[in-house]
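Accompanying notes for the structure given below.
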Amino acid sequence: MAHSVTLIPGDGIGPEVIEAARQVVAAAGVDVHWHEAEAGAGVVAKYGTPMPDATLNRIREDRVALKGPLTTPIGYGFGSPNVTLRKALDLYVCLRPVSSLPLVPSRYEDVDLIVVRENTEGLYSGVEHLVVPGIAESLKITTEVASVRIAEYTFELARKLGRKRVTSVHKANIMKITDGLFLECCRRVARRYPEVEYQEEIIDALCMKLVKDPTQFDMLLTDNLYGDIVSDLCAGLVGGLGVVPGANLGREWAVFEAVHGSAPDIAGKGMANPLAVILSACMMLEHLEEDAAARRVRDAVTRALGSGVATRDLGGTATTQEFTQAVIAAL
């Protein structure tokens with residue numbers, strides 16, 4: 001079966017790692033018709049925005065996209081194209097599985113976590129303004145609708161995957177109304193899934209416990225800002241952002257992406273690690289019901305790493321293309 005997928009190379013090292021994933025998907029024998037689309041800092045001068053309407057419409061038509069990293073300036077310039085993408089397509093789930101990989105240097109073994117982050121509201125939405133010179137205000141919006149649907153997604157995923165525990169992450173001891181509403185919705189949904197253990201952790205305590213022993217957690221259910229922070233923390237437990245995949249999912253559309261930045265300092269040098277985007281492509285293949293191909297790619301990644309092939313960020317010497325070819329050879 002042929003699949004139509006929007007391909008967004010992105011900024012910096014994006015085109016290199018996206019091309020690596022495209023090669024691996026082809027080697028796995030999956031028939032994909034790629035429709036390349038533009039986004040990121042490199043297209044602002046051309047379109048006046050880092051996320052052109054034509055790109056959004058292309059994703060709407062294909063329903064699935066594989067995306068490279070996009071640059072967002074810090075403290076000035078245009079807003080986040082990733083936030084624009086999530087809001088425009090109502091991609092309310094940010095899914096970040098975090099697992100230990102063979103021979104990848106890290107402090108822990110046997111880490112197997114899934115972070116499920118609400119993706120559309122909260123403090124991270126960037127609804128802010130200058131009240132008067134010297135005073136800025138940011139709004140944290142929490143709704144029952146968004147809180148219930150992210151909780152429902154999480155517990156349904158736990159049931160589907162046979163996961164045993166969901167931990168809701170909050171700061172309701174301080175933000176009693178906003179985080180309190182989020183918790184109340186999570187508790188209400190949890191009662192419908194008695195086979196899944198439910199617990200709650202305050203965000204700062206959770207971070208401390210993750211660093212002490214990440215294996216005590218199974219699935220983490222978070223709001224937008226906490227999820228962004230916790231998912232990167234969890235990536236650090238297994239080797240960094242270069243080895244962790246990600247997906248942004250809605251009821252109609254799905255965008256799969258590497259979760260690391262655009263790393264402009266090494267762009268074009270063949271040094272980028274394509275592992276995260278290759279694993280994101282595996283998630284995409286599962287979404288397309290190409291489960292066998294996804295398993296073959298994951299097995300090939302494991303064999304490539306197990307043979308000692310690794311990029312510089314993982315302590316090896318392989319270039320982007322050398323690692324890609326090692327995965328293809330393992331297929």
Side-chain angles (χ1 to χ4, degrees), residues 3-28 30 32 34-37 39-40 59 62-70 81-82 85-86 89 91 93-101 104 112-117 119 157 161 227-228 231-232 234-235 238-250 253-263 272-291 293-302 304-305 311 313-314 320 323-324 327-328 331:
H3 305 282
S4 292
V5 176
T6 303
L7 190 71
I8 303 175
D11 297 315
I13 62 172
E16 299 166 72
V17 294
I18 283 290
E19 174 59 19
R22 190 196 63 77
Q23 291 178 22
V24 170
V25 169
V30 181
V32 175
W34 301 101
H35 298 132
E36 189 165 324
I59 299 172
D62 289 334
R63 308 185 74 81
V64 178
L66 182 65
K67 182 180 77 64
L70 304 178
N82 292 315
L85 178 66
R86 294 163 192 163
L89 301 180
L91 304 175
V93 177
C94 180
L95 187 63
R96 295 272 291 268
V98 180
S99 300
S100 298
L101 292 167
V104 173
D112 184 16
L113 293 167
I114 298 178
V115 180
V116 184
R117 161 187 163 195
N119 222 10
L157 185 62
L161 299 179
D228 189 44
S231 56
D232 279 17
C234 289
V238 298
L241 293 174
V243 301
V244 175
N248 296 286
L249 310 171
W253 301 288
V255 177
F256 300 86
E257 63 178 351
V259 300
H260 53 68
S262 57
N273 182 357
L275 180 52
V277 75
I278 290 172
L279 293 176
S280 298
C282 285
M283 296 177 71
M284 181 192 76
L285 291 176
E286 290 172 337
H287 180 79
L288 296 172
E289 299 183 347
E290 296 283 359
D291 294 349
R295 284 193 298 270
R296 291 180 59 231
V297 172
R298 283 200 177 92
D299 289 345
V301 165
T302 298
L305 291 170
T311 48
D313 59 311
L314 300 182
T320 306
F323 181 82
T324 304
V327 174
I328 291 172
L331 278 167

[X] side-chain N/O to [Y] backbone N/O, donor-acceptor pair under 3.5 Å:
| X | Y | answer |
| --- | --- | --- |
| R296 | A28 | yes |
| N119 | L91 | yes |
| S280 | E257 | yes |
| T320 | A272 | yes |

Distance from [X] atom [atom1] to [Y] atom [atom2], nearest 0.5 Å?
| X | Y | atom1 | atom2 | value |
| --- | --- | --- | --- | --- |
| L275 | T311 | CG | OG1 | 7.5 Å |
| D299 | R295 | CG | CZ | 8.5 Å |
| L249 | H287 | CG | NE2 | 7.0 Å |
| S99 | I114 | OG | CD1 | 7.5 Å |
| M284 | H3 | CE | NE2 | 8.5 Å |
| L241 | C234 | CG | SG | 11.0 Å |

Mind listing the closest non-hydrogen atom pair of [X] and [Y] along with its distance?
| X | Y | value |
| --- | --- | --- |
| M283 | A247 | CE-CB, 3.7 Å |
| N273 | V17 | O-CG1, 3.7 Å |
| A21 | L66 | CB-CD2, 4.0 Å |
| A258 | V277 | CB-CB, 3.9 Å |
| G10 | L70 | CA-CD2, 3.6 Å |
| V244 | P97 | CG1-O, 3.5 Å |

In plain terms, say whether E36 and R22 are close enough for a salt bridge, that is, a side-chain N and a carboxylate O under 4.0 Å apart.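 The answer is no: the pair does not qualify as a salt bridge.
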I need the single residue from L95, L285, L279, V64 that forms a side-chain contact (heavy atoms from CB on, under 4.5 Å) with F256. Which is it? V64
With side chains defined as the heavy atoms from C-beta onward, is the minimum distance between [X] and [Y] less than 4.5 Å?
| X | Y | result |
| --- | --- | --- |
| L89 | N248 | no |
| D62 | V5 | no |
| V25 | E290 | no |

Is there a side chain to side chain contact (heavy atoms under 4.5 Å, CB included) between I59 and L85 once you walk through the steps? CA-CA 10 Å; I59 299 172; L85 178 66; 3.7 Å; yes
Going by the rule side chain to side chain donor-acceptor pair (under 3.5 Å), which residues pair with E16 if we only count those two or more places apart in sequence or in a different chain?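 Not a single residue meets the side chain to side chain donor-acceptor pair (under 3.5 Å) criterion with E16.
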Can you check side chain to side chain contact (heavy atoms under 4.5 Å, CB included) on D232 and R96, steps first, answer last? CA-CA 9 Å; D232 279 17; R96 295 272 291 268; 3.0 Å; yes
Can you list the steps and then say if V238 with L101 is a side chain to side chain contact (heavy atoms under 4.5 Å, CB included)? CA-CA 7 Å; V238 298; L101 292 167; over 6 Å; no
